[in-house]
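First comes the structure, then the notes that go with it.
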Amino acid sequence: MIECTINGVNLNMYTEKSLFSPNRVDQGTLAMLSNTAFQSGQKILDLGCGYGVVGLYAAHFSGAENVTMVDINAAAVGLAKKNAVYNGMEEIKVFQSDGISSWMEHDFDWILSNPPYHVDFHVPKKFIENGFCHLKDGGCMVMVTKRYQWYKNKLASVFGGVKVMEENGYYIFISQKRAVHNRKRKKKQVLSKKLQRKYK
């Protein structure tokens, strides 16, 4: 079990060797959370949740009922559920899913992910394109990785912009789905026609 305190939030989490960073909370995740501020009532998605660090942390601010955690790995999902209960966050929703392409919910305030960066870009590409579709206007996608150029280019391409910070050798990317403030002067931001057909 991992016992840790993140920005004043105490967490206790069961882990296992087959999952990412089983002995301590990953430094990239810590860097991402140190640059993210959640508010009560905000709807949050921990995408690729592992054993649940990000979702559990976010639930302390937004409320457990507003947090969803997703992972493709059955062992990760099982531990995330166990950790939610152990930390008194039973209302967190935890699902096994290969991303979120088939989901009906499209109103998240935050989507956060620490994607695998030692492989090709297939997974983060899917996360970014689907993430855009599942955020509300004004919502933000946050990703952390040690790789810079591809993520910067891809997020800027899909969202129209990206803020990049560096901490302890990790890059934290924050992209906002722009809200429409003046419909006479700004067109609503949408995916390209090709991506619309792909994720329809």
Side-chain angles (χ1 to χ4, degrees), residues 7 9 29 32-50 52-72 77 80 84 89 91-115 123-145 151-165 171-200:
N7 302 327
V9 175
T29 296
M32 178 170 65
L33 294 178
S34 72
N35 288 279
T36 309
F38 305 110
Q39 297 179 9
S40 177
Q42 288 185 323
K43 192 170 179 180
I44 296 165
L45 174 63
D46 181 0
L47 181 55
C49 65
V53 177
V54 172
L56 289 170
Y57 173 84
H60 279 267
F61 302 94
S62 68
E65 69 278 6
N66 298 309
V67 173
T68 302
M69 300 194 291
V70 176
D71 204 288
I72 192 174
V77 169
M89 300 289 182
E91 292 181 278
I92 292 178
K93 299 175 286 293
V94 187
F95 300 103
Q96 182 177 2
S97 175
D98 182 9
I100 53 173
S101 60
S102 61
W103 282 32
M104 297 302 292
E105 295 182 78
H106 295 79
D107 59 347
F108 288 102
D109 294 282
W110 294 93
I111 298 177
L112 301 103
S113 183
N114 184 353
V123 172
K125 178 178 182 291
K126 182 168 59 176
F127 281 8
I128 292 167
E129 292 174 357
N130 285 325
F132 178 92
C133 295
H134 289 78
L135 284 167
K136 64 170 56 174
D137 283 348
C140 290
M141 183 160 206
V142 186
M143 306 187 87
V144 62
T145 178
Y151 283 87
K152 179 179 180 292
N153 292 344
K154 183 63 179 178
L155 284 160
S157 173
V158 172
F159 283 84
V162 59
K163 179 180 180 181
V164 186
M165 294 160 287
Y171 296 104
I172 302 98
F173 302 87
I174 303 178
S175 285
Q176 184 176 45
K177 186 173 182 179
R178 298 173 184 174
V180 179
H181 298 295
N182 188 336
R183 293 183 180 275
K184 292 182 179 180
R185 298 179 63 184
K186 293 178 68 177
K187 292 183 179 180
K188 187 172 182 180
Q189 186 182 13
V190 296
L191 292 176
S192 67
K193 290 182 178 180
K194 180 180 179 180
L195 290 179
Q196 286 182 49
R197 291 194 298 271
K198 183 176 180 181
Y199 295 107
K200 187 174 180 182

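No experiment lies behind these values; they were computed from the predicted model shown. For reference, positions follow the sequence shown, starting with 1.
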Where is the tightest heavy-atom contact between Asn7 and Leu33, given as atom of each residue plus distance?
ND2-O, 3.6 Å
Are the side chains of Phe38 and Asp109 in touch, meaning some heavy atoms are under 4.5 Å apart?
no
Taking Phe132's backbone N and O only, do any of them form a donor-acceptor pair with Lys177's side chain (distance below 3.5 Å, no angle check)?
yes
Scanning both residues in full, the closest heavy-atom pair of Pro115 with Met143 reads CG-CE, 3.7 Å
One should read off an interatomic distance between Ile111 CD1 and Ser175 OG, to the nearest 0.5 angstrom, of 11.5 Å
Any donor and acceptor pair, going by atom type alone, linking the side chain of Gln176 with main-chain N or O of Gly138 inside 3.5 Å?
yes
Please round to the nearest 0.5 Å and tell me the distance separating atom CD of Glu129 and atom CZ of Phe159.
10.5 Å
Contacts of Asp46 that satisfy side-chain contact (heavy atoms from CB on, under 4.5 Å) - sequence neighbours left out:
Cys49, Val54, Met69
Just wondering, do Phe61 and Thr36 contact through their side chains at under 4.5 Å, heavy atoms?
no
Test the Lys152-Phe173 pair against the cation-pi criterion, namely NZ or CZ under 6.0 angstrom from the six-membered ring centroid and within 45° of the ring axis.
no
Here the pair of heavy atoms bringing Ile92 nearest to Gly55 is CD1-O, 4.0 Å
Is a donor on one side and an acceptor on the other found under 3.5 Å between the side chain of Asp71 and the backbone of Val77?
no
Any chance you could measure Ile72, atom CD1, to Gln96, atom CD, to the nearest 0.5 Å?
7.5 Å
Taking C-beta and beyond as the side chain, do Trp110 and Ser62 meet within less than 4.5 Å on heavy atoms?
no
Locate the shortest heavy-atom distance separating Glu65 from Lys93; write the atom from each residue and the value.
O-NZ, 3.0 Å
Separation between CD1 of Ile44 and CZ of Phe108, rounded to the nearest 0.5 Å:
10.0 Å
CD1/Ile174 to CE/Met32 distance, rounded to the nearest 0.5 angstrom?
10.0 Å
Can you name the closest pair of heavy atoms from Ala64 and Met89 and give their distance?
CB-SD, 3.7 Å
Nearest heavy-atom neighbours spanning Ala80 and Gly50
CB-O, 3.8 Å
Is it the case that the side chain of Lys43 and the backbone of Val67 share a donor-acceptor pair, with hydrogens and angles ignored and the cut-off at 3.5 Å?
no
Rounded to the nearest 0.5 Å, what separates atom NE2 in His134 from atom CG in Leu47?
10.0 Å
